[in-house]
Structures are given as structure tokens and as C-alpha cells.
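Reading through the C-alpha cells given below for one structure.
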Amino acid sequence: DLPGGGKLRMLRGIPGCRVVQVDHLGFVRQTLLAETPPVHGNHLKLTIDSRAQEIAEFLLEGKKGAFAAVEADTGAVLALASSPSYSLNNFYPVLTQKYYQSLLNDPEKPLFDRSLQGLYTPGSILKPVIAAALLENGVDPKEEIFCPGFVQIGNTKLRCAARSGHGYLNMTGAIEKSCNTYFAVMAMRYGVDALRPFLAAAGLGKKTGVEVPEKAGLIPKPAAARGRWTNFDTALISIGQGQVLLTPLQAANIAAAAANGGKIMKNYLVSEIISPSGEVLWKAHPQIASELPVKKENWDIIRQGMFDVVNSPGGSGRRAKSETFIIYGKTGSAEVSVSGGGRKKNTWFIGFSILDGKPYAAALLIEEGSAGGVDCAPGVKYFFENYFTQLLTKQKN
């Protein structure tokens, strides 16, 4: 739905009409009713930046996945891309039933918008939010946890990405290396009820507010409605597995919150509604949808970890390191079940960067990938480098 009502909703316009009498040859003999002039519809100005959108679509060529980019301080959506997609050229001058049916029957689902309606397990891109919850619940960021490559939970081992282990890690080191053991041990110490409010405050489990159809995602239910819950369930949540799902746009908002100090901004695609005469009838104003209750010093710790993810030689997202711009990020790889009993990995990278004091955030998802640091980190680097270069070129001109 668009904001406002009445004239603001008149986007299509109203056709004019004239009733006349014609003779048998088709010549007009007289006008029977006065002419009603057409009413032109209002214009929409979108937040989508064609330069950002072009880069996003290029990144997904030949892949299955999605991309989202936002202004971190406003929530304005700069780019949304989903792949596989389709060519709009085939919709002009008319969309044939044959072509539309081929899209409907395509097993790759090109009509499905993965950026807004795809619900995905986040994997380790959720760890900045978990880190925020742990820090605000009293975890000492300097405390070290030993990672032997797994954590034993009852009769089950939860594996870490480094099968031989990370050794001793503190909070920033655990974010940098994406250590499952650290986050699982710390999360089990405090329990899922210490994590859940931060997941909700991060905008998960509810829609972003963008003006087109989207999914809300999933977070664990409150304790009273959750039923049987184990330490293993809590450990899974701490590493972005288990009962948590989000869209790529929501993932971009997590990176945006890390950039702007914890604010989850309401996303929007319409920046202005303009009359045919050029009058601005409505203008978007940034709104805070929710806010993570995290102290500045704790955000500094989380951002340092995200900086190290990209800029440390051993960081899990070091392939996103840019020689031109400073990028902060977090990798993720989420194992999910597929039909037939198999497993696959969906891989992620979320990140933010700052240009002329303005923060921008992005999320890239690749389905059936190998690792977020391999599949996605270089793509987000490519986005920021190329988009920022274009913005700077425009400023010079």
C-alpha cells in the first residue's frame, strides 16, 4: 500500500471521454455530451538506484540467489535482485500466454522474488546479533573460550567450521573466525530467552515495511509457547541454524544496524509522489522500526570483529577486503535439507561501508554454494567498489 489516500492513490489516472453522434460514414455530426478531459496519474519516484541495481543483477548472473542494498541510516532500498530471473523485453508489446506459462512451469522459479519472499536460514551472519545479546547480558568480551573444533552437547557434537579447532578466542576473535564453539558455549550459558529479544529487535519475525509483498521470517517462540527446548536448540540458534529464518532484505538490515548503532529502519521503495504538474504531494521520511538495546562500547566491539572478518589475514571474509574502501562484514554458510534427504549449503555475506560519512549496507545470498567467504564476500566487495566509484564520479561531474 502506498501512503496517504485520495489523490495520492491515483497513479494510473482516469481516461477522458466524449459522446458524439456519427453518420453511416463515420463522420461526427454533433456532440451529445460535453467532453470529459483525462486526468493524468501521479508519478512515483523510487529509491532504487539504477547503478546499484545494475551491479546487483550482474553479480547474480548464472547463479541462484538474491541481493539487497540499503541506505543504512534511512532504510531506503537501493537495489533488490533475485536470480534466476526473466527478461522484461518478453513482456512488450504483449505478454504471451505461452511465455508466461513457461515462467510458471520453470523449476528454477524465476517469478519468485528471493530478495523479499525467500525465507532462508541465516547461518553465521546472525552472529553480530547474538554477540549483541551476549554482551548486553554480561559476557566479558575479553574472556576466551577454547575451541577444539566442536562443542559437546550431551551425546551430540556441534562442529565448528575449523575441524581442527580455533584454539582460544575472545569475542572479536570469534566473530572474525566465525567460531561456532564460542557462540554455542556462550549462548548455552545464558539461554535462548536472553537471545530472543535481540532477534526480535533486529527486525526478524516481522515485515520490514517495504511497499511490496514480503515475508516476515521466523524466530523462536516465547518460552511459554515454545514447549520442549534443549541446550542443543539454543546452540543452533546461536550459530544461525534451527528455528530462525529471514529474507535477504532483513539480512541487509542487520548489517545496516551494525553501521548505524543498532537502529532497524523501516524499509521503503517510494521516496516521493509527484503530481503531473510537478508538485510533490508526499515525501518519505525515515522511520525507526525497532532498535537493538546495545551500548555504544558493545557496538564498537562488534564492529571491530566485523572489520577483522574482512581486513584480518585470517578473517573468514578476507576476500571482501578492498584497497579503496573500508568494508566491514560477516560471512555465513547455512546447511539446509533438500528433497530426497540430501543437504546443501546456502552461503551469505552481509556488510557495510561508509562513503562521505554516509553508511550503506548490503547482503548477498548464493544458494547451493560452498562458503560465504568464497561465494559471496568478493561479490559484496565488487558492489561497494563499483557503486561508490560511480557515486564519486557523479560528484566530480
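Note that the numbering runs from 1 along the sequence shown for the chain.
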What one should report as the nearest heavy-atom pair of S275 and H43 is O-CD2, 3.7 Å
Show the nearest heavy-atom pair for residues G372 and T331, with the distance to one decimal. C-CG2, 4.1 Å
Heavy atoms only: give me the nearest N180-K127 pair and the separation to one decimal. OD1-NZ, 2.8 Å
Donor-acceptor under 3.5 Å (K45 side chain, I273 main chain): no
Thinking salt bridges, do E272 and K283 make one under a 4.0 Å N-O criterion? yes
Return the OG1 to CE distance between T172 and M306, rounded to the nearest 0.5 Å. 13.5 Å
Closest heavy-atom contact between S115 and F67? CB-O, 4.0 Å
Quiz question: by atom type and distance under 3.5 Å, do the side chains of E57 and S85 form a donor-acceptor pair? no
Do Q287 and Y268 meet the criterion of a side-chain donor-acceptor pair at a distance under 3.5 Å? no
Give a yes or no on whether the ring-centroid distance for Y382 and F58 is below 6.0 angstrom. yes
How many angstroms lie between OG1 in T74 and OH in Y360, if you round to the nearest 0.5 Å? 9.0 Å
Side chains of D375 and S370: donor-acceptor distance under 3.5 Å anywhere? yes
Regarding T234 and W229, is there a side-chain donor-to-acceptor distance under 3.5 Å anywhere? yes
Just checking, any donor-acceptor pair under 3.5 angstrom between side chains of D308 and Q304? yes
Ion pair D49/R51, N-O distance below 4.0 Å: yes
State, yes or no, whether a side-chain contact exists between L78 and I48 at a heavy-atom distance under 4.5 Å. no
Search all heavy atoms of L292 against all heavy atoms of A201 and return the closest pair with its distance. CD2-CB, 3.9 Å
Taken to the nearest 0.5 Å, the spacing of L392 CG from L355 CG works out to 5.0 Å
Ring centers of F388, F325 separated by less than 6.0 Å: yes
Give me the atom names and distance for the closest heavy-atom approach of S322 to I327. CB-CD1, 4.0 Å
Under 4.0 Å between a side-chain nitrogen and a carboxylate oxygen: does that hold for E368 and K345? no
Go through the side-chain N and O atoms of S178 and K330 and say whether any donor and acceptor fall under 3.5 Å apart. yes
Salt bridge flag under 4.0 Å for residues R303 and D300: yes
Y99 and Y86 aromatic centres sub-6.0 Å: no
Thinking salt bridges, do R343 and E335 make one under a 4.0 Å N-O criterion? yes
Check the side chains of E136 and N298 for a donor-acceptor pair under 3.5 angstrom, ignoring hydrogens and angles. yes
Rounded to the nearest 0.5 Å, what's the gap from CG on L204 to CG on L126? Could you check? 6.5 Å
Out of curiosity, I350 CD1 to C376 SG, how far, rounded to the nearest 0.5 Å? 11.5 Å
Could you tell me the separation between the CG atom of N231 and the CE atom of M188, rounded to the nearest 0.5 Å? 5.5 Å
Would E367 and K63 pass as an ion pair if we require N to O under 4.0 Å? no
